[in-house]
Amino acid sequence: MISEVAGQYNAKEVEGKVRKFWDDNGIYIKTRTMRSGGRKFFFVDGPPYTTGRIHLGTAWNKIIKDSILRFKSMNDFVIKDRAGWDMHGLPIEVKVEEHLGFKSKKDIETYGVDRFIDKCKEFALSQKDQMTEQFRTLGAWLNWEDPYMTLKDEYLEAAWWTLKRANERNLLERGFRVVNWCPRCETAIADAEVEYWEETDPSIYVKFPVVGQENTFMMIWTTTPWTIPANVGVAVHPQFEYSRVRAWKDDPEKAEILIIATPLVESVLREGRYRDYEILDRFGGTELEGLRYEHPLVDLIPAQRDIAHKIYLADFVTAENTGSVHIAPGHGLEDFELGVAEDMPIFCPVGEDGRYTAEAGEKYVGKYVRSANEEVNSDLAERGLLLAEGDLVHRYGHCWRCKTPIIYIATPQWFLKISDLRNDMLEEIARVKWYPDWAGSARFRDWISGARDWCISRQRYWGIPLPIWICGKCGEMEVIGSMEELNARSGTVVEELHRPAVDLVTLKCPCGGEMRRVPDVFDVWFDSAVASWATLNYPRDQEQIKEWWPADFITEGHDQTRGWFYSQLGASMVSFGVAPYKSVLMHGFTLDDKGKKMSKSIGNVVSPEEVVSKFGADTLRFYVLSSNAPWEDIHFSWEEMANTNRMLNILWNAYRFPLPYMILDRFDPTRTTMEKCLENLRPEDRWILSRANTLAAEIQAGMDSYQLHRATRALADFVLEDLSRWYIQLVRPRTWIETDDPDKLAAYATIYEVMVTLAKLLAPFAPFTAETIYQNLVRSTDSNAPESVHLCDWHRPRDDFIDEALEKEMDLVRVVVEAVSNARQKGGRKLRWPVSDVVISPSKEIPDLEDLLGVLKSQTNCKRVTVMNVGEKPPMEIAINPVPKKIGPVFKGEAQKVIEVLKEADSAMVRAGISAGDCVVGGYAISPDMVEFLEKIPENLVAAEFPSGWVYVDVTLTEELKAEGYAREIIRRVQDMRKELDLRVEEKIEASIRVEDEKVLKLVATMKEHIASEVRAKHLDMGPTLDIISWLENLEGSLVKDWSVEDVSMTIGISRGQ
RNA sequence: GGGCCCGUAGCUUAGCAUGGUUGGAGCGCACGGCUGAUAACCGUGAGGUCACGCGUUCGAAUCGCGUCGGGCCCA
């Protein structure tokens, strides 16, 4: 049996019950197993990093995924949906270090790498568990029982296998490169891990003495004085013009000769506070090539003595500062590239801890570079080589985890030669379907076009160890692809593949030497890069990949363009030579209501838990899905969240409204089926059925193009506009019919059909609410029905129910009803009071309203509706408007009188006279130009416009209409009192009504039976005195109230029938 | 500094690829109405430099260029 539902929508209660129902009955597993014969849909979850707390963006991400997967499942797809967790890397190391109070890598070594790794693992696993709970609260259905985890041995093997493939394909390379380096974490960090913000740094102009030209200097500028000790060259632009300038301060005799880009001469000299100057000569940058200079601190840094310092040409030089760039190939990316191309020595006298090494000379050794800036500056100044010194605020990179300013140093690292694959990648992504299109065709394309080799090594602990072993004797290298291979090759058995266990494994080199693993671990981005095959347990499991790979669909935020979309593509190109996904939906970010990014420091962060506790998961889900196109950023708004909640509440009210009547009438949907009621459907029933099926088609279309906002907005519109605002209003009187009327049953069957359909359409988006409705309406009446709405098939639009013409007609009815309501308001006639006539006067062709005249009449509360032909109007009154300008000159002094007379005259007669050419009014001969005739709407009519015409409402009250009006006023008040007494819908009452006004009493008396039946009164008495009520006063369960109805006072008394 | 995206009422937004009669909604506000969905529901009204500027065009929210603001990414 269907149960009655009391009270407003209570998300907490609904969701709690549903979650328990799902858990107790294993509904999720059933959805995934029941479709085993269906088409395959391989979804790869972009693994969130195990931070312990989800935020609104990750919530949105999983909600999108869940809605799509639920939809796909209902459409008979068998789905692969392992949830994923990204669990390695520096963020967790840093957290554990903080927890243990560590300051540097040495602390870790002292503590013990094995213990440290255990802590990291423990930490990651507990964070994962916490987050799983949070995602589950949202109703996100992924395979949480068996997620892929980047810290599992089988996962590590997927990464190992991939690297082995890279090596086989000659795409793995060891190289000395300049990398972003965190001197605290003592590791290379990826470009993506560099966070930029403003930092104040020194800004210095330095004079490099030119060899063999006395008192002549190359001018350079830098914000990193600490890199000067590593300087080996200067770059100038081949197309710029440079000047040799003779400049002096006080004494022209003590002038110096400086080489500066011509347009920058004045600004540089201003920096150096020179008083005057003369230009000696000008020349192109190419003429400077090869010019030699002396390192400014050569006396302090012995290693610099053996380096030949020269001028080089480079296109990256900009016309800023001095127009010449100081080149330290050990400390800059461009510097390094130029250095390699020009065969400069790659001099990097800075260690991994960010301190100068012995190569920097006795004075600097052991000093932390960023703190050495001042010392370098003063050393330059002492030698008279510091032209100017100041401060500059600019954006500088920092380690994303520990916030330490990064430095660039040249170190040996391992690289994947992605740049070799650039063109193949471009070809592959063109084959991928992108939503929106520009995510692939513009954004991702641009990114790949600039693809550089990928530095995959990190000098850390908590990560996938690089499976590279190198012979200490001959330098031979070997890449191991799996645990099994390692055991076989080494003759030992490793317990797990993490450090430090794997570090202890040595291999025998064919040369007889011992091979040891390189100490590095993988860049954590490499972990998730192999997710699409690691989630299938490849290479351990050789079967699944054949069945499923590549992924049918992935979706992540737009930051993943250069992140996971890219890393996966790169790894897949290396391994398989094709893209690992067929379609990608790029979604946006969740920003605050002003469009600013949510951040702890601004204090504008909204957490998913907060939203769920206020409004529930379904509201959050529906909100994030409907508020924007998925690829746009959400400007989070509490107001809109409340609005979405309101929509669900209205849906809830619409759902529960008919239940008491259905229960009362023992409505059984398995017996009174839709098909049996077809003949008794009213046009409005056919209309709502048509709308529901049109809606199903709209949602389908939205989902097919991943326009989740279109799907959900169509749903909300249907609920608010069609169902609540319209159909429920139309159907109400029918639920009040007492007998077993086929018309009532047709209404029940229709509501039932619509609500069940709606539950299915809602299931992917608001799964809890949909389930609740479904359980009550379907499962409680039909034990053969699928156990859960999520086990149902998607509702295919029924063509036999869709009637476009009828939908158009109803659209018209609704705008006409609106217009009538507008007219009533103008005419001061409220809806309870019937009107005799509504006239529709279209200004263009409109649909035939024949079918829906009944609806129109009931909703406008009128007795008769007349539809006129296009352009036709009800007869208008004609008003005369005298034209003084014409009357004056003819009648002079009598003009005023003529005007008066005309105003009083019968307009029809005047008009007849004018058209007959002989018009005399009050003795005055009136010519046609003296009067204008204006159309005037008759007093009894009120007009209002609708988009294709006008409606005219006759608001004249007759005795019959008044009687009906008063009757409705009384009925409404009695109903109000029934409610106050908390009577059940079907309970009978005794009622007495005292109406003092004799005239009104007479009118109302004519409606006595009607009133009695509407309020379910066994007896109804009416009269002018209080006697009629008094017997009720002391009766138990009675209520007596005074009312004023349109200024007529009444007393109404009711009591429970005996 | 570069690439991509976004900027429409107080708030959230439709319309923009195929330019064309007064730019639609919802929330909020004011007024009114309905009511056995009742702490719900409906109507009317006020509220818009379509971020700004220039251009293309008979005509621009819509197309182009530039500026400003926001987001992601890069330097």
Side-chain angles (χ1 to χ4, degrees), chain A residues 5-9 191-192 194 196 316 318 320 333-334 395 397 436-447 449-450 452 557-563 566 586-597 623 626-629 631-644 646-647 649-661 709-710 713 716-717 720-721 723-726 728-729 732 735-736 817-826 828-833 859 861 944 968 971-980 982-987 1014-1016:
Chain A
V5 177
Q8 302 289 310
Y9 175 60
D191 290 343
V194 179
Y196 290 85
F316 61 75
T318 58
E320 289 166 307
L333 204 72
E334 287 170 328
R395 288 167 65 76
D437 183 67
W438 52 259
S441 61
R443 211 169 216 267
F444 200 38
R445 206 180 170 77
D446 286 350
W447 173 252
S449 306
R452 296 208 309 237
H558 41 46
D559 54 333
Q560 298 303 333
T561 306
R562 63 116 189 84
Y566 177 66
M586 182 187 83
H587 69 74
F589 265 51
T590 44
L591 311 175
D592 76 1
D593 53 355
K594 290 177 192 65
K596 297 262 189 201
K597 142 201 222 153
Y623 168 73
S626 61
S627 82
N628 300 98
W631 48 86
E632 274 165 14
D633 294 344
I634 289 182
H635 292 192
F636 181 86
S637 153
W638 281 109
E639 228 176 289
E640 283 306 303
M641 188 66 71
N643 208 11
T644 307
R646 172 179 156 270
M647 187 280 291
N649 185 38
I650 292 171
L651 166 68
W652 188 258
N653 285 331
Y655 147 67
R656 72 194 182 99
F657 140 76
L659 302 182
Y661 308 103
H709 61 308
R710 291 198 191 253
R713 283 172 184 179
D717 276 355
L720 295 174
E721 291 295 319
L723 187 60
S724 166
R725 192 179 287 182
W726 201 240
I728 299 277
Q729 307 307 323
R732 255 164 142 157
T735 61
W736 196 236
V817 169
E818 246 174 62
V820 169
S821 153
N822 187 356
R824 272 176 169 279
Q825 202 166 327
K826 284 192 220 164
R829 189 71 72 235
K830 53 188 191 179
L831 190 57
R832 265 203 291 267
W833 292 70
Q859 291 315 103
N861 192 15
R968 271 184 82 163
I971 291 166
R972 133 116 186 89
R973 285 167 174 80
V974 176
Q975 302 288 37
D976 202 58
M977 292 169 68
R978 286 183 60 113
K979 197 112 209 243
E980 200 172 321
D982 219 9
L983 300 183
R984 276 174 293 125
V985 164
E986 73 279 15
E987 249 177 305
E1014 283 294 306
V1015 302
R1016 302 203 167 161

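Predicted model, so just to flag it, every value in this text is computed and none were measured. Protein chains get the first letters and strands the later ones, always in sequence-line order, with residue 1 at the start of each.
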How is [X] classified with respect to the nucleic acid when contacts are heavy atoms under 4.0 Å: base, sugar-phosphate, or nothing?
X: Arg725(A); value: sugar-phosphate
X: Glu818(A); value: sugar-phosphate
X: Asp717(A); value: nothing
X: Arg968(A); value: sugar-phosphate
X: Ser627(A); value: sugar-phosphate
X: Tyr661(A); value: sugar-phosphate

[atom1] atom, [N] versus [M]: distance in rounded Å?
N: C52(B); M: U62(B); atom1: P; result: 10 Å
N: A39(B); M: U44(B); atom1: P; result: 25 Å
N: G53(B); M: C34(B); atom1: P; result: 48 Å
N: A9(B); M: A25(B); atom1: P; result: 16 Å
N: A61(B); M: C16(B); atom1: P; result: 14 Å
N: G26(B); M: U21(B); atom1: C1'; result: 26 Å
N: G32(B); M: G70(B); atom1: C1'; result: 41 Å
N: A75(B); M: C29(B); atom1: P; result: 49 Å

Complementary nucleotide of [N], counting Watson-Crick and G-U pairs under 3.5 Å:
N: U49(B); result: none
N: C4(B); result: G71(B)
N: C41(B); result: G33(B)
N: C16(B); result: none
N: G64(B); result: C54(B)

Of all the choices, [options], which nucleotide is nearest to the side chain of [X] once you look at every atom?
X: Ile650(A); options: A40(B), C72(B), U13(B); value: A40(B)
X: Phe657(A); options: A37(B), C4(B), G10(B); value: A37(B)
X: Ile728(A); options: C11(B), U13(B), A37(B); value: A37(B)
X: His558(A); options: C73(B), C4(B), G71(B); value: G71(B)
X: Trp447(A); options: C73(B), G43(B), A37(B); value: C73(B)
X: Gln729(A); options: G26(B), G71(B), A37(B); value: A37(B)
X: Asn628(A); options: U13(B), C11(B), G43(B); value: U13(B)

Return no unless some side-chain N or O of [X] is found under 4.0 Å from OP1 or OP2 of [N].
X: Arg732(A); N: A37(B); value: yes
X: Asn653(A); N: C41(B); value: no
X: Arg562(A); N: C72(B); value: no
X: Arg646(A); N: C27(B); value: yes
X: Arg710(A); N: G15(B); value: yes
X: Arg713(A); N: A14(B); value: yes

In whole Å, what is the span from the [atom1] atom of [X] to the [atom2] atom of [N]?
X: Trp438(A); N: C72(B); atom1: CH2; atom2: P; result: 13 Å
X: Met647(A); N: C41(B); atom1: CE; atom2: P; result: 12 Å
X: Trp631(A); N: C5(B); atom1: CH2; atom2: P; result: 13 Å
X: Phe444(A); N: C5(B); atom1: CZ; atom2: C1'; result: 17 Å
X: Arg824(A); N: C31(B); atom1: CZ; atom2: C1'; result: 18 Å
X: Trp652(A); N: A40(B); atom1: CH2; atom2: P; result: 17 Å
X: Leu720(A); N: C42(B); atom1: CG; atom2: P; result: 7 Å

Has the side chain of [X] got a donor or acceptor that lies under 3.5 Å from a partner of the other kind on the base of [N]?
X: Arg443(A); N: C4(B); answer: yes
X: Glu632(A); N: G71(B); answer: no
X: Ser724(A); N: A40(B); answer: no

Inset, instruction - Might you work through the salt bridge (Lys or Arg N to Asp or Glu O under 4.0 Å) test for Arg972(A) and Asp976(A), ending with a clear yes or no? - result: CA-CA 6 Å; Arg972(A) 133 116 186 89; Asp976(A) 202 58; 3.5 Å; yes

Legend entry - 5' priority, RNA chain B, between Glu334(A) and Ala439(A) [closest heavy atom]: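 Going by which nucleotide is closer to the 5' end, it is Ala439(A).
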
Inset, instruction - Specify the residue among Thr735(A) and Leu831(A) whose closest nucleotide of RNA chain B lies further upstream toward the 5′ end. - result: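 Comparing both residues, the 5'-ward one is Leu831(A).
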
Keeping the roles fixed (side chain from [X], backbone from [Y]), state whether a donor-acceptor pair exists under 3.5 Å.
X: Arg824(A); Y: Lys830(A); result: yes
X: His587(A); Y: Trp631(A); result: no
X: Gln975(A); Y: Glu1014(A); result: yes
X: Arg713(A); Y: Ser626(A); result: yes

Legend entry - Nearest atoms (heavy-atom pairs only) where Asn861(A) meets Leu831(A):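 Smallest interatomic distance, heavy atoms only, reads ND2-O, 2.6 Å.
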
Inset, instruction - Identify the two heavy atoms, one from Tyr623(A) and one from His635(A), that lie closest to each other, and give their separation to 0.1 Å. - result: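 The pair with the smallest heavy-atom distance is OH-O, 3.3 Å.
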
Inset, instruction - With the side chain counted from C-beta on, respond yes when Glu818(A) and Asn822(A) share a heavy-atom pair under 4.5 Å apart, and no when they do not. - result: no

Legend entry - Sub-6.0 Å ring centroid separation between Trp447(A) and Phe444(A):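 Centroid separation for Trp447(A) and Phe444(A): 6.0 Å or greater.
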
Legend entry - In A17(B), glycosidic geometry as syn within 90° of 0 or anti otherwise: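 That one's syn.
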
